[in-house]
Trainee: 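Let me begin by handing over the structure; questions about it come next.
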Amino acid sequence: MLDIQQLRKDLAGVVAGLGRRGVAFEEATFRALEDERKVLQTRTEELQAKRNSLSKQIGIMKGKGEDTAGVMAEVGSLGDELKSNEVALGELQTKLNAFLRGIPNLPRSEVPSGKSADENVEVRRRGQPRQFEFAPRDHVDLGEALGGLDFETASKLSGARFSVLRGQLARLHRAIAQFMLDTHTTQHGYTEVYVPYMVSGESADGVSSLSKFKEDLFKIDGRDLYLIPTAEYPVTNFVRDAILKNEELPLKFACHSPCFRSEAGSYGKDTRGMIRQHQFDKVEIVQIVHPEKSAEAHEELTAHAEAILKALELPYRTMLLCTGDMGFSSAKTYDLEVWLPAQNTYREISSCSNFEAFQARRMMARFKNAAGKTELVHTLNGSGLAVGRTLVAILENYQQADGSIAIPTALQSYMGGLKSLTA
RNA sequence: GGAGAGGUGGCAGAGUGGUCGAAUGCACCGGACUCGAAAUCCGGCAUACCGGUCUCCGGUAUCGUGGGUUCGAAUCCCACCCUCUCCGCCA
C-alpha cells in the first residue's frame, strides 16, 4: 500500500511512477473520495466531540443531583445526523482503503521502464554453459530414464502439473533443500523457521493484494484459509501488527516449504516437466530491515541466492526486472536465471525483491527508531532457491553421455557420498 | 467432539454504566544522588487517523472482532474469533 500522505503531497510523482509500470492511476476517483472523506470526517468528528462533552456534562450534573433533561434533549438532537455521518464515513473509508490497497508499489528510480520481460536488463552473468559433445536431453527424458521421475503416476493421483519423484532422485531433491537451508543458516546468518502452509486472507493481503490475485491461490473450501504460494506469505507476516525494537533489526529468516499455485492463466505454458507445477518446494529467505538499509540488504540477499548457484556450479545470469515485469508489491526485483541446456536458454530460478514499506504499511509492521518514533520497517525476500527447478538444472547441466547424472560436489555429502545417479 | 474459564497498554494486573485511554507494579527512557554502579527519589512512557500557527497543540477512534442497548459502554446484550484447563479421540 502506498502512503496516502504521499498521494496528497505529490500526486504527480505517484502518477508518473505508476505510469512507468503501465498503470493508469484513477486521479478523479481518488480526488472525489478524498474530498468527500474530508467533509464527512470533519463533520462526524465535530458531532462526536459535541456528544462527548455533553454526555460528560450529564455525568457531572447527575453526580450533583441536578436536572439533566435539557442537556439530554440537546444531545439527543444530534443523534440522527451523527449516526448517518458515521455510517457514511465508515463506508467511504472502506472504499478509500480498497482503492489504496489495489494500487501497486512504485518502482525505484533505477528500475528500467519496460512493458515485458523482453525489456529486463542483464546485470551480470556467471559460469559458462557447458559445451556438450552430444545432444543434451531434457530433464523429463533424463529423469524418466533413471526411473526417478514419474508424471504418469502423479497425473493419476492429482491430474496435470504434479510430479512424483522416486529413489535417488527423490533423495537428491531433499538434499538440495537441505543444502540450501544449511548454507543460509550457517553462512548467511538466517534463522531457520518452520511455518503453517495455509494462511488467512488477512495474511495473504498483507504481502500482496488478495482481491487481485485470489485466482492464483488454492483456497480451502468454506474456510478463510489459503495454501501458501510461497513461504513469504507466512514468514513476512511474522511482523504483522508488531512494533519491533530498533536493535531487533534486521530479522533474517530462511524457510523451506512447499508452495502451491493454481497457475490460472498459464494454460499451455511449460506443460512438459517440472518447470511449472501446482506444487513445488522452495527455500525462501526473508529480511525485515531498517528503512535506510533495504537497498543494501537487497543486494546482499540477492548475493545469498546467487551463492547457491555458484556452489552448485550452475551457470546463471542476474536480471534487473523492468517496471512492466515486476510483481505488485515490489519496488525493485532481481531475477536469477539458470542455464537450461535442453531449452538452450536461461530460466527463472529465483526472484529477489525489495518491497520497501509497501508490505509493512499493509500489515502495520513497525519499529521504534533511534529517536523513539514508530516507523515502518522495510521487507525483502528472495527464493534461495526454487528446489524443483534446481533439480531440473542439475539433471540437465550435469548429464553424461550415458544418461547418468554427476552429482555436484557440494551435494555429495548430502547424498551419502554418492557421486552420480545411474539407472 | 463434550464441559468449564478467560481475552484490558511491552509484560503482569485492577477496573462491572458517567470528568476512564484506563489504577498499580515490573520493564523501558530521561534526571537527581554516586568516583562509578546498585538501591532510592523525581519525571516521562500506547497506536492509528484528522485538523492546525505542524520537532508542538487540538480533535476523533481504539480495552479480542463485529453488531446492539444508552445522552454516555472496557463495564450491559447478541454473534463470531482466539487462548487456557479437564474429558474423549488422535500422528
Trainee: Is there a side-chain contact between A:Leu210 and A:Arg101, using heavy atoms and a 4.5 Å cut-off?
Mentor: no
Trainee: Look through every strand shown and name the nucleotide pairing with B:C71 as Watson-Crick or G-U wobble, where both distances are under 3.5 Å.
Mentor: B:G18
Trainee: Please state whether the rings of A:Phe253 and A:Phe238 are parallel, tilted or perpendicular, taking 30° and 60° as the class boundaries.
Mentor: perpendicular
Trainee: Identify whether any heavy atom of A:Thr44 sits under 4.0 Å from a base atom; if not, whether one sits that close to sugar-phosphate; answer base, sugar-phosphate or nothing.
Mentor: nothing
Trainee: Remember a base hit wins even if backbone is also touched, and classify A:Gln5 as base, sugar-phosphate or nothing at under 4.0 Å, heavy atoms.
Mentor: sugar-phosphate
Trainee: Go through residues 47-61 of chain A and report each residue with a non-hydrogen atom lying under 4.0 Å from RNA chain B, sorted by number.
Mentor: A:Gln48, A:Ala49, A:Arg51, A:Asn52, A:Ser55, A:Lys56, A:Ile58, A:Gly59
Trainee: Listed in order of residue number, which residues of residues 231-252 of chain A have a non-hydrogen atom at under 4.0 Å from RNA chain B?
Mentor: A:Ile243
Trainee: For B:C56, which nucleotide is its Watson-Crick or G-U wobble mate, given both distances must be under 3.5 Å?
Mentor: B:G52
Trainee: On RNA chain B, does the nearest nucleotide to A:Met364 precede the nearest nucleotide to A:Gly76 from the 5' side, or the other way round? Give the residue.
Mentor: A:Met364
Trainee: Can you label the angle between the A:Tyr197 ring and the A:Tyr194 ring as parallel, tilted or perpendicular, going by 30° and 60°?
Mentor: perpendicular
Trainee: Heavy atoms of chain A, cut-off under 4.0 Å: which first and last nucleotide of RNA chain B, 5' to 3', fall inside that, if you could look?
Mentor: B:G18 to B:G72
Trainee: Only one of A:Thr42, A:Leu78, A:Thr44 clears side-chain contact (heavy atoms from CB on, under 4.5 Å) with A:Asn85; which?
Mentor: A:Thr44
Trainee: State which residue, out of A:Arg43, A:Lys50, A:Arg51, fulfils the salt bridge (Lys or Arg N to Asp or Glu O under 4.0 Å) condition with A:Glu81.
Mentor: A:Arg43
Trainee: Checking base pairs now: Watson-Crick or wobble, both atom distances under 3.5 Å. What partners B:C84?
Mentor: B:G4
Trainee: Does B:C89 have a Watson-Crick or wobble partner in any strand here, with both distances under 3.5 angstrom, and which is it?
Mentor: none
Trainee: Pick one: which of A:Lys269, A:Arg161, A:Gln343 meets side-chain contact (heavy atoms from CB on, under 4.5 Å) with A:Ile275?
Mentor: A:Gln343
Trainee: Partner of B:A32 by Watson-Crick or G-U wobble geometry, both contacts under 3.5 Å, or none?
Mentor: B:U40
Trainee: For the residue pair A:Phe328 and A:Phe358, is the inter-centroid distance of their aromatic rings smaller than 6.0 Å?
Mentor: yes
Trainee: NA contact type, A:Arg8, heavy-atom cut-off 4.0 Å: base, sugar-phosphate, or nothing?
Mentor: sugar-phosphate
Trainee: With both distances under 3.5 Å as the test, what is the Watson-Crick or G-U wobble partner of B:G10?
Mentor: B:C26
Trainee: Let me spell it out: for each of A:Lys83 and A:Glu45, pick the nucleotide of RNA chain B with the closest heavy atom. Which residue's pick is nearer the 5' end?
Mentor: A:Glu45
Trainee: Can you tell me the base-pairing partner of B:U47? Count Watson-Crick or G-U wobble geometry only, both distances below 3.5 Å, and say none if there is no partner.
Mentor: B:A61
